[in-house]
Amino acid sequence: MARWLITSAWPYSSVTPHLGNMVGSILSGDVIARYLRLKGNDVLYVSGSDEHGTPVEVEALKANLSVKEFADKNHNKIKTLFERWKISYDNYTRTENPTHINFVQDFYLKLQKNGYVYESTEKVHYCDKDGRFLPDRFVEGECPFCGFKNARGDQCDGCGRPIEPESLISPICVICHSPVHLKETKQWFFDLPKLENEIKAYLMSKSIHLSDIARSFSLKLVEEGLKPRSLTRDSKWGIPAPFEGAQGKTIYVWMEAVLGYVSATMEYFKNIGDPTGWRKFWFEKDTKCAYFIGKDNIPFHTLILPALLLGTREGYNLPSVVESTDFLMFEGQKFSKSRRIGIWIDEALEIAPADYWRYTLLSLRPEGGDVNFKLDSFIEKVNNDLNNVLGNLVNRTVVSFEKFCGSRLRAKPRLDGDTEKFIDSFLMRHDEIGSLYESFKIQHAVKTTILQAVEGNRFLNEKEPWKLFKTDRERAISITYSLLRLIRLLAIELYPITPAISETLWDNIGEQGTILSYGWDKAKEDFNYPLQIQRFPPLFKKLSREEVINKLEELRSGGRAEWTH
RNA sequence: AGCGAGGUGGGGAAGCUAGGUUAUCCCGGCGGGCUCAUAACCCGCAGAUCAGUGGUUCAAAUCCACUCCUCGCUACCA
């Protein structure tokens with residue numbers, strides 16, 4: 001029993017997350033949160049919508065909505081989608097919430113007081129027509145190296161070279177297409193180099209668990225030397241910078257969104273009427289903090305967030321686990337909103353139930369290199385692993401129980417050696433699955449869970465209780481009993497992976513109360529007698545390849561203008 | 001360009017950090033079994049010189065070097 005703060009990267013709210021976004025951070029965090037809860041830990045799982053910054057402003061402009069309206073709409077949409085995906089957040093909040101805004105402002109004043117914030121001027125592209133400073137991404141021009149016409153402000157997509165803002169030829173604003181010019185502006189910076197040694201020591205310490213890429217990538221950045229990070233932007237949509245003389249400026253989104261982990265915890269406890277409860281999670285040293293992210297935002301979690309927390313000198317808990325995944329590719333290509341490559345989490349739910357996606361994504365979770373997600377693999381995994389192997393095992397077991405025992409068992413039957421051995425083997429595998437989750441080997445844990453069902457089918461075929469029943473009733477019943485034990489165990493093991501299916505199964509075969517109250521370890525115990533289980537409908541439905549593809553094409557045909565991918 | 005990650009039977013994935021019997025799993029192909037079950041399940045067979053070359057070692061998919069290919073990243077895009 002321990003205390004765990006689980007977090008997943010905050011989705012940027014101008015776009016709907018796609019399957020790739022889902023698997024690495026949100027789903028992974030959910031699986032671990034669910035597992036740890038089953039183990040009886042004190043778990044808090046938080047995240048929220050990251051909704052400030054220029055991209056949201058620009059998207060709002062396109063959608064012809066005020067920024068606030070646009071942000072509200074997207075936040076609500078994403079929040080609802082996560083609920084439908086059964087993501088078990090204790091608090092899914094947003095960076096627009098007042099707790100967050102106040103916390104961030106206080107936080108940076110403290111950092112400034114402690115000497116980690118300084119001012120400096122820089123030149124940034126300015127659009128006179130829109131009256132705004134533009135992040136490099138919103139500036140286009142001709143590449144000074146290769147002459148490519150649509151080079152972005154920071155990098156040329158033609159030759160791949162980085163571009164200094166001054167050298168871009170004839171820069172224009174991508175929002176209104178009028179010429180832009182460089183204008184001097186004062187900004188506030190976070191003095192990251194001052195904390196370099198502490199960060200290095202933190203990364204090298206044994207108390208932190210990092211995925212391999214997270215460790216190597218972070219250490220490399222530290223070796224190269226950390227650079228100051230700019231803290232403010234000349235942008236209206238965001239958290240007003242609290243520094244003296246910084247009127248009209250906001251905090252740079254990344255530098256505030258990572259603090260949302262803290263403010264979301266605060267907000268959760270405020271809502272349940274325990275305004276100081278959050279401190280347990282952030283200051284007591286026996287709390288573990290796990291962060292689930294995609295590989296694209298490793299440095300923000302391994303360098304910047306720890307540095308910010310250290311900079312307060314208040315003793316915040318630093319991340320104890322940073323689990324990053326590689327990317328999910330779609331049919332061999334990178335997910336791309338503009339090219340419509342990939343599947344988004346709202347579309348997915350129109351094609352198949354969330355659990356089908358959850359299972360497939362988790363069994364492909366990119367833990368060692370990018371992984372290719374194919375529609376055919378999805379269909380194959382659902383039809384084979386879930387329906388044929390798992391669903392059918394459950395059905396044959398329950399039907400056998402009905403035939404051999406009249407759906408009722410008064411007491412534990414006497415078991416022969418083979419059956420005892422079989423039960424031992426799946427109970428042992430149950431522990432193995434637990435250790436896999438504890439070392440965050442989610443993909444392996446998921447595969448081992450399905451292996452439980454494969455072994456169940458094998459045992460059934462080997463023992464042929466339907467034959468035995470004619471000659472040796474007692475043995476046929478004891479075999480069926482062992483399989484019932486297995487499928488009840490599976491109901492528990494599926495809880496982190498496919499929660500809806502898990503609950504359906506539990507409702508049909510489980511004890512009184514919820515799975516959560518029952519727990520991971522108690523699943524190893526015998527039933528309460530008398531045991532009564534009635535036949536119930538199949539857990540899964542096979543997918544037809546044709547239907548899935550038709551549905552996807554229908555979604556792709558553009559009949560849904562309101563979708564803002 | 002620099003940095004990083006990967007290349008495993010027809011397709012998709014493990015294994016590689018701590019080298020060691022016939023390289024694992026799923027799909028597909030072929031043959032068989034069972035017929036309790038959702039035309040499902042189980043067994044067997046075929047198919048990989050683990051990208052290539054060289055090296056270390058008694059022993060390498062696993063360690064080292066180089067080459068080829070693919071992809072990602074390069075922090076003011078979240």
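Since we're looking at a predicted model, the values are computed, not measured.
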If you check every side-chain atom of [X], which of [options] has the closest atom?
{"X": "R229(A)", "options": "A13(B), C76(B), C41(B)", "value": "C76(B)"}
{"X": "D385(A)", "options": "A14(B), C26(B), G72(B)", "value": "C26(B)"}
{"X": "K374(A)", "options": "G12(B), U38(B), C71(B)", "value": "G12(B)"}

Determine the interatomic distance between P on G12(B) and the same-named atom on G28(B); round to the nearest Å.
15 Å
Closer than 4.0 Å, any side-chain N/O of [X] to the OP1 or OP2 of [N]?
{"X": "K467(A)", "N": "U35(B)", "result": "yes"}
{"X": "N388(A)", "N": "C41(B)", "result": "yes"}
{"X": "R458(A)", "N": "C43(B)", "result": "yes"}
{"X": "N384(A)", "N": "C27(B)", "result": "yes"}
{"X": "K227(A)", "N": "C76(B)", "result": "no"}
{"X": "Q443(A)", "N": "A14(B)", "result": "yes"}

Would you give the length of the straight line joining atom CZ of F459(A) to atom CD of E455(A), rounded to the nearest 0.5 angstrom?
11.0 Å
Yes or no on ring-ring contact (aromatic ring centres under 6.0 Å, His included) for F327(A) and F335(A), after CA distance, side-chain angles and deciding distance?
CA-CA 9 Å; F327(A) 288 138; F335(A) 277 76; 9.5 Å; no
Inspect the contact between D234(A) and R132(A) and indicate whether a charged nitrogen and a carboxylate oxygen are less than 4.0 angstrom apart.
no
Salt bridge present between D416(A) and K421(A) (N-O < 4.0 angstrom)
no
If one requires at least 3 consecutive Watson-Crick or G-U pairs with distances under 3.5 Å, the stems of RNA chain B turn out to be B:1-7 with B:68-74, B:10-13 with B:24-27, B:29-33 with B:41-45, B:51-55 with B:63-67
Rounded to whole angstroms, how far apart are CD on E380(A) and C1' on C25(B)?
11 Å
